[in-house]
**Q** 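Before I ask anything, here is the structure I am working with.
These numbers come from the heavy atoms of this one structure, side chains and all, not from hydrogens, waters or symmetry mates.
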Amino acid sequence: MEGNYYMIHDYLIFIGVSAIFFLLTVSIYLFSQNSNFRKKNTRLSETNKIIEQKLNEVQLEHIGTKLNPHLFKNILNSVQSHAYQTYMSLDKLANVLDYILYESNNKFVSPKEELNFALSLIEINKIKINPLFDFRIKSKINKSDAMYEEKVFAPLISVDLIENAFKHTDFLAQDSFISIHLELEDRVFTMKVSNKSSLKNILEKENSGFGSQSLDQRLKMIYSNHYQLEKSSKNGIFTAELKINLGEFYDKVRYSR
């Protein structure tokens, strides 16, 4: 009888030790899992911060204006609609995004940089139009011009005129067209954009005003009396012509330092 008592006693001790060992093992496992969860949460938190930082970088602000919020959407829609031109489109898109994210943070860029951006933006927008559509682009850039590589050009100035032309053109009308002329000569930059709009867009422009008011404000604040922006509408044809005397502006800034 006494022997049975000791056997039961030893058995209970064994059960108790096993239970303690089991609980200790489970505790260590749970602690380890909790530690892993905390590390994962920390990594997720850091990732979220990075994403938020990148999003903030995209929200570029400039003097008196903001980048058109539909610009990225329009570009991506153009790329998506023509898969056969995806490689070229993505290459142009990469150039545009790099310029918007990095160069546009500068107060001024060179006409060379802005013109390359404008041409890439035009090529991306061209993807969504029919190859038979009447699209005219003329570029007359004097690369030996003294202003060509000088930091005298406010970044993204060309966006509004280009985007408005593609946005407000009726691509189905037989007499529709878009015409873009870019020029840098004798230290003067010229950009002339014309397009034929549909009746719907004509009514919209009569109610909202032609072009971007923010562009006018920004040009006035930066270039003062060294620019001209003329807008006209006749028979459904809208024309905007921008001239910036970069030479005069450069001389003014240089001698005022």
Side-chain angles (χ1 to χ4, degrees), residues 60 62 65 67-104 109-143 145 148 153-173 176-185 188-198 201 210-212 214-215 218-219 229-231 237-244 246:
L60 302 174
H62 303 279
T65 188
L67 178 65
N68 187 335
H70 301 294
L71 176 58
F72 288 130
K73 182 179 178 181
N74 292 340
I75 292 173
L76 292 174
N77 285 342
S78 299
V79 174
Q80 186 179 20
S81 64
H82 292 269
Y84 66 91
Q85 291 183 339
T86 297
Y87 178 81
M88 183 205 74
S89 304
L90 290 178
D91 182 56
K92 298 293 183 183
L93 177 60
N95 293 337
V96 167
L97 293 181
D98 281 344
Y99 186 83
I100 293 173
L101 288 173
Y102 304 112
E103 299 302 331
S104 62
V109 296
S110 67
K112 175 182 179 181
E113 292 167 317
E114 178 73 11
L115 286 166
N116 287 336
F117 161 75
L119 291 173
S120 293
L121 185 60
I122 290 169
E123 289 300 317
I124 291 172
N125 277 283
K126 279 175 60 180
I127 296 171
K128 60 187 175 186
I129 64 178
N130 190 303
L132 299 179
F133 178 80
D134 185 6
F135 181 84
R136 316 160 196 168
I137 180 168
K138 183 178 180 182
S139 179
K140 185 181 178 183
I141 309 300
N142 182 3
K143 295 183 179 180
D145 189 282
Y148 184 60
F153 211 106
L156 303 178
I157 284 291
S158 60
V159 167
D160 282 330
L161 300 184
I162 295 172
E163 284 290 295
N164 282 339
F166 282 94
K167 180 180 178 181
H168 296 292
T169 296
D170 183 1
F171 293 103
L172 299 179
S176 191
F177 73 93
I178 294 177
S179 173
I180 300 177
H181 176 73
L182 300 168
E183 182 176 329
L184 178 63
E185 190 70 39
V188 176
F189 169 78
T190 303
M191 182 176 186
K192 185 177 181 180
V193 180
S194 301
N195 68 289
K196 180 68 178 289
S197 290
S198 64
N201 286 328
F210 175 74
S212 171
S214 62
L215 175 61
R218 189 178 177 213
L219 287 166
L229 179 59
E230 297 180 355
K231 306 167 189 176
I237 297 178
F238 293 88
T239 301
E241 183 172 6
L242 170 64
K243 287 188 177 183
I244 305 176
L246 298 174

**Q** For residues P111 and L246, determine if any side-chain heavy atom of one lies less than 4.5 Å from a side-chain heavy atom of the other.
**A**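 With C-beta onward as the side chain, the pair touches.
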**Q** Could you tell me if the side chain of L161 sits less than 4.5 Å from the side chain of I180, heavy atoms only?
**A**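 They are not in contact (no side-chain heavy atoms under 4.5 Å apart), so the answer is no.
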**Q** Measuring only between side-chain heavy atoms, which start at C-beta, is M191 closer than 4.5 Å to I162?
**A**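 SC-SC contact between M191 and I162 confirmed.
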**Q** Under the 3.5 angstrom rule, does the side chain of E114 hit a backbone N or O of V109 as a donor-acceptor pair?
**A**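 No, because the side chain of E114 does not come within donor-acceptor range (under 3.5 Å) of the backbone of V109.
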**Q** Can you name the nearest heavy-atom pair linking K196 to I237, along with the distance?
**A**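 In terms of heavy atoms, the two residues are closest at CD-CG1, 3.8 Å.
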**Q** Quick one, F117 and V96 - any side-chain contact, counting heavy atoms below 4.5 Å?
**A**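 The answer is yes; the side chains approach within 4.5 Å.
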**Q** Just verifying a value: how many Å separate E163 CD and H168 NE2, rounded to the nearest 0.5 Å?
**A**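 E163 CD to H168 NE2: 10.0 Å, rounded to 0.5 Å.
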**Q** Assess the residue pair L242 and L219 against the criterion (side-chain contact (heavy atoms from CB on, under 4.5 Å)); give the C-alpha distance rounded to whole Å, side-chain angles, the decisive distance to 0.1 Å, and a yes or no.
**A** CA-CA 10 Å; L242 170 64; L219 287 166; 3.7 Å; yes
**Q** Counting C-beta onward and ignoring hydrogens, is there a side-chain heavy-atom pair between N116 and K112 closer than 4.5 Å?
**A**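 Yes. Closest side-chain heavy atoms under 4.5 Å.
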**Q** Taking S179 for its side chain and S194 for its backbone only, find out whether a donor-acceptor pair lies under 3.5 Å.
**A**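 A pair under 3.5 Å: no.
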**Q** Just wondering, do L184 and Y148 contact through their side chains at under 4.5 Å, heavy atoms?
**A**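 The answer is yes, as the side chains (C-beta and beyond) meet within the 4.5 Å cut-off.
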**Q** Could you grab the distance from atom CD of E230 to atom OG1 of T239, nearest 0.5 Å is fine?
**A**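 So the gap between those two atoms works out to 10.5 Å.
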**Q** Between atom CG of L119 and atom NZ of K126, what is the distance when rounded to the nearest 0.5 Å?
**A**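 Answer for the CG-NZ pair, L119 versus K126, is 10.0 Å.
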**Q** Let me confirm one number: the CD1-CZ distance from I124 to F166, rounded to the nearest 0.5 Å.
**A**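 Answer for the CD1-CZ pair, I124 versus F166, is 10.5 Å.
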**Q** Got a second to check how far E183's CD is from N142's CG, nearest 0.5 Å?
**A**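 These two atoms lie 9.5 Å from each other.
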**Q** Parallel, tilted or perpendicular for F189 and F153, by the 30°/60° rule?
**A**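 Rings of F189 and F153: perpendicular, over 60°.
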**Q** Just verifying a value: how many Å separate L229 CG and I157 CD1, rounded to the nearest 0.5 Å?
**A**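 CD1 of I157 is found 9.5 Å from CG of L229.
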**Q** If every non-hydrogen atom of Y99 is compared with every non-hydrogen atom of E113, which pair is closest and at what distance?
**A**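 Y99 and E113 have their closest heavy atoms at CE1-O, 3.6 Å.
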**Q** Under a 4.5 Å cut-off applied to non-hydrogen side-chain atoms, are I178 and N125 in contact?
**A**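 Not touching, per the 4.5 Å side-chain cut-off.
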**Q** List the atom of N130, the atom of L132, and the distance in Å for their closest heavy-atom pair.
**A**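 Looking at all heavy atoms of both residues, the shortest contact is OD1-N, 2.7 Å.
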**Q** Do D170 and S176 have side-chain atoms, one donor and one acceptor, less than 3.5 Å apart?
**A**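 Not at all, the side chains of D170 and S176 share no donor-acceptor pair under 3.5 Å.
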**Q** Are the side chains of E241 and K243 in contact, using a 4.5 Å heavy-atom criterion?
**A**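 Sidechains of E241 and K243: in contact.
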